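Notes follow once the structure below has been shown.
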Amino acid sequence: MNLETLNNKQLEAVKVLDGPLLILAGAGSGKTRVLTTRVAYLIEQGVNPEQILAITFTNKAAKEMKDRIIKMLGPVAYQIQISTFHSFGLKIIKYHHDLLGYKKNFTILDSEDSITVIKKILKSMDLDPKIYHPKAIKSQISGAKNELLNPEEYSKFANTEYEKIVLKVYKAYQNKLVINNSLDFDDLLMLPIVLFNQNKDVLKIYQEQFKYVLIDEYQDTNEAQYVLTKMISAKYKNICVVGDPDQSIYAFRGSNYRNILNFEKDYKNAKTIMLEENYRSTKNILNVANSVIKNNGSRKEKNLWTDNEDGDKIIYHRSENEKDEAFYVMSQIKKIMNQSPLSEIAILYRTNAQSRNMEEALLRENIPYKVIGSFYFYKRKEIKDLISYLKLIYNQDDDISLTRIINVPKRGIGLKSIENLVQKANDEGKSMYEAIDNGKELAFRQIIEELIKMQDSCSLTELVDLILEKTGIRNELIAENTLDAEVRLENLEEFKSITKNFEEKNGIISLEEFLNEISLVSDIEEHKNNNEVVTLMTVHSAKGLEFNNVFVIGMEDGIFPHANAFQDPSQLEEERRLCYVAITRARKKLWLVNAKRRMLYGMENANVESRFIKEIDGQYLDKDIVAEETRIIKTNMIDASIDYSISDKVVHNKYGVGVIVNIEKSILTIAFNHPHGIKMIIKGHKSIRKV
DNA sequence: GCCTAAGTGCTTTTT
DNA sequence: GCACTTAGGC
């Protein structure tokens, strides 16, 4: 193990093994390196790898840490417990399910399922979803669980009329989940604590098991996560937490950066180490980041510095509209992609919806890319249906999944039949599946029964194939004979390649393992290995990552910072921290891009530049507003009656005289000389004519 | 029970 | 702009 390249502070952070340790690690200060080296050092000092627990927030971070430690230590690294909070919680619950009153084959609801359940409860209580927004109620329940309040405890705080309604729904919701032998995401954090509170002997086992605990991104822990780590490390107090208050960006999910500020109060004789040298970014990038974050009032001053070169100035470009914005980014990517691998290029944005324009442009330019955190695939109806079949095969108490698929494909079981079945199940005190004993529903049950029997004698991929076959999903889609049905079938067949991939990587995998995995890692990109591509993601997902070239798009007031944060100073500060995270992802070059006008909710909006840009000292910025550049306009849907050819002169009624530089299928590319110009697409031919 | 057309409301961020 | 919900006809 190579400790020589560490600086003094980093070395100290690696070597202080016992007792509570707080590492305040600024962006790019080598945090992951310290964490992984620390784990390696612990093992080298004779600590049993099985006694180390390392917890991260995201699957990506866990994987990154695992990979790095494997590189340093080899296979012994597999004995270390490295997981996200949620997967760690899941493991504990799985193991002690009986003590918590769940059967071993419980299933996990995704956020959408939770909302579906809440909608149904609202309906049954005759509450108007327009007044009681299912999403808002879900977030209230989620908040309560993260504060470790079960319905009974929540009732003590439920004072307003609204809160009393939430309480009623919360009770019914939790009841429904238990009956369905199902958990939601928040249960994964809350139930281990319930377990430990009720069974001190079980807690003891974990305290003895994990003598050394490491928590990454501690500034983002919520109450449940905070308590969980505190409980486990209570005996030996070898707890090392790492974080940066300036990068706390999950308050909306209940995270509380006071957890990190209070660490020294929580753990008497805690040692604190500050990592303030940034190894990642150029001076210019760091200066820009600092000039933004210093505007946060409630903040512990720190001095993040770098010995790196000044580097290029930060490029600021203001486009005409969101299409221009995409074209500008493309033009810049094409300039750098010869010197820089695509894997070193990232496009970051505030909201997922912004990826669309970029994707379209990348597709058009034939530049390979991946979108991180696009649950697009798993959210598709056909995929959710398929997963529901898998869930029901695994857990027949899962009424939520059953309701979803009992009429997929169409079996003539409509709303009325389902209502009757719900009633019958209620009366008989059974699950819906159990309550089925006649009619079309019985045929459905028999298919599931058959699949349950077959699962033992076939692989996961074969099981998926059998589902498509036996349920008639495949035949229905083939019979439909539309483009849409074809796409859906393709997606379902693609799902098999995911399971296959999975089996190749992990060997024979049980349905249980697979369901757990896709419940917690629902991002298809994390199941793939495509590296030589441009990465698109939200700033939130980018935390902890770094790239040589970073584009932050949509730098407009209303988008970044988001309009919802305008009224609340603390939310605005969180937006600013988010901006700080975005800027500090860049190693070498950073582009800040925005658009004067933008389509939003089907309406064109004019946005002023982000207040965060105004906060940047102008000396670090290179305003990339090209005075005179050839404007390339593509136009499609050409009038076939007009015969266009290359080098023809045309007049556009807005952009003036131009020359056709390319004709491809029905798309004309026209070059105009125009100020402030970059590429854009004009739909329709009506605005041009030949001269 | 199923299908279609009209109507609505919505986008913050993730496990 | 789109995904989702609802009403009404078959």
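Remember, it's a predicted structure, so these values are computed and weren't measured experimentally. In what follows, chains carry the letters A, B, and so on, assigned in the order in which the sequence lines appear, proteins first and then strands, with residues in each chain numbered from 1.
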(message) Is the terminal nitrogen or CZ of A:Arg445 (NZ for Lys, CZ for Arg) located under 6.0 angstrom from the six-membered ring centre of A:Tyr433 and within 45° of that ring's axis?
(response) yes
(request) Verify the contact: side-chain N or O of A:Thr538 to OP1 or OP2 of B:dT14, cut-off strictly under 4.0 Å; return yes or no. (result) yes
(request) In plain terms, say whether A:Glu573 and A:Arg299 are close enough for a salt bridge, that is, a side-chain N and a carboxylate O under 4.0 Å apart. (result) no
(request) Look at the rings of A:Phe106 and A:Tyr102 and say which category their plane angle falls in: under 30° parallel, 30 to 60° tilted, over 60° perpendicular. (result) perpendicular
(message) Taking 4.0 Å as the cut-off, does a side-chain nitrogen or oxygen of A:Asn146 come that near to OP1 or OP2 on B:dT15?
(response) no
(message) Can you measure A:Asn222 atom CG to B:dT13 atom P for me and round it to whole angstrom units?
(response) 19 Å
(message) For B:dT14 and A:His86 - does any side-chain N or O of the residue sit under 4.0 Å from the phosphate oxygens OP1/OP2?
(response) no
(message) Nearest whole Å is fine: how far is B:dC10 P from A:Leu600 CG?
(response) 14 Å
(request) Give a yes or no on whether A:Lys94 atom NZ has more than 12 heavy-atom contacts from other residues, nucleotides or ligands under 6.0 Å away. (result) yes
(request) Grab the CG-P distance between A:Asn605 and C:dG1 for me, whole Å please. (result) 12 Å
(message) For B:dT14, does the base pair up with any side-chain atom of A:Ser111 as donor and acceptor (N or O, under 3.5 Å, distance only)?
(response) no
(request) Name the residue closer to the 5' end of DNA chain B, choosing between A:Lys135 and A:Ile413 according to the nucleotide with the nearest heavy atom. (result) A:Ile413
Could you pull out the protein-nucleic contacts involving nucleotides 4-10 of chain C (nitrogen or oxygen on both sides, under 3.5 Å)?
residue	atom	partner	partner atom	Å
C:dT5	OP1	A:Lys119	NZ	3.2

(request) Grab the NZ-C1' distance between A:Lys381 and C:dC2 for me, whole Å please. (result) 18 Å
(message) Between A:Asn352 and B:dT13, is there a contact of a side-chain N or O with OP1 or OP2 at under 4.0 Å?
(response) yes
(request) Would you mind classifying the nucleic acid contact of A:Ser87 as base, sugar-phosphate or nothing, using non-hydrogen atoms under 4.0 angstrom? (result) nothing
(request) Sticking with atom C1', work out how far B:dT13 lies from C:dC4, rounded to a whole angstrom. (result) 22 Å
(request) Could you tell me whether A:Arg68 and A:Glu64 have a side-chain N and a carboxylate O separated by less than 4.0 Å? (result) yes
(request) Please determine if A:Lys596 and A:Asp324 form a salt bridge, counting it only when a charged side-chain N lies under 4.0 Å from a carboxylate O. (result) no
(request) Mind checking A:Lys379 for me? I need base, sugar-phosphate or nothing, with any heavy atom below 4.0 Å counting as a touch. (result) nothing
(request) Would you classify A:Phe85 as touching base, sugar-phosphate or nothing, given that sugar-phosphate means primed atoms plus P, OP1 and OP2, and contacts are heavy atoms under 4.0 Å? (result) nothing
(message) What contact category does A:Leu578 fall into here, base, sugar-phosphate, or nothing, at under 4.0 angstrom with non-hydrogen atoms?
(response) nothing
(request) May I have the distance from A:Arg253 (atom CZ) to B:dT15 (atom P), rounded to whole angstrom? (result) 7 Å
(request) Scan A:Glu574 against the nucleic acid and name what it touches under 4.0 Å (heavy atoms): base, sugar-phosphate only, or nothing. (result) nothing
(request) Among the candidates B:dT14, B:dG1, B:dT11, find the nucleotide nearest to the side-chain atoms of A:Ser417. (result) B:dG1
(request) Go through the steps to decide whether A:Lys176 and A:Asp399 satisfy the test salt bridge (Lys or Arg N to Asp or Glu O under 4.0 Å), and finish with yes or no. (result) CA-CA 9 Å; A:Lys176 176 83 187 159; A:Asp399 291 351; 3.8 Å; yes
(message) I'd like to check the salt bridge (charged side-chain N to carboxylate O under 4.0 Å, His left out) partners of A:Arg598; sequence neighbours left out, ordered by chain and number.
(response) A:Glu325, A:Glu556
(request) Return each pair, listed once, that meets salt bridge (charged side-chain N to carboxylate O under 4.0 Å, His left out) where at least one residue sits in residues 128-148 of chain A; pairs must be two or more places apart or across chains. (result) A:Lys145-A:Asp184, A:Lys145-A:Asp187
(request) Mind checking A:Asp186 for me? I need base, sugar-phosphate or nothing, with any heavy atom below 4.0 Å counting as a touch. (result) nothing
(message) Using the six-membered base ring of B:dT13, report whether A:Phe252 stacks on it, requiring centroids under 5.5 Å and planes under 30° apart.
(response) yes
(message) Counting only side-chain nitrogens and oxygens, does A:Thr58 get under 4.0 Å of the OP1 or OP2 atom of B:dT15?
(response) no
(message) Can you identify which nucleotide, out of B:dT11, B:dG1, B:dT15, has its nearest atom closest to the A:Lys416 side chain?
(response) B:dG1
(message) Between C1' on B:dG1 and CD on A:Glu441, what's the gap in Å once rounded to a whole number?
(response) 12 Å
(request) For A:Gln571, answer base if it contacts any base atom (sugar-phosphate contacts may also be present), sugar-phosphate if it contacts only those atoms, and nothing otherwise; contact means non-hydrogen atoms under 4.0 Å. (result) base
(request) Select base, sugar-phosphate, or nothing to describe what A:Leu415 touches, counting heavy atoms under 4.0 Å on all strands. (result) sugar-phosphate
(request) With DNA chain B as reference, determine whether A:Arg411 or A:His540 sits nearer its 5' end, using the nearest nucleotide of each. (result) A:Arg411
(message) Tell me the interatomic distance from A:Lys91, atom NZ, to B:dT15, atom P, rounded to whole angstroms.
(response) 16 Å
(message) What is the distance, to the nearest angstrom, from the CE atom on A:Met537 to the C1' atom on B:dT14?
(response) 14 Å
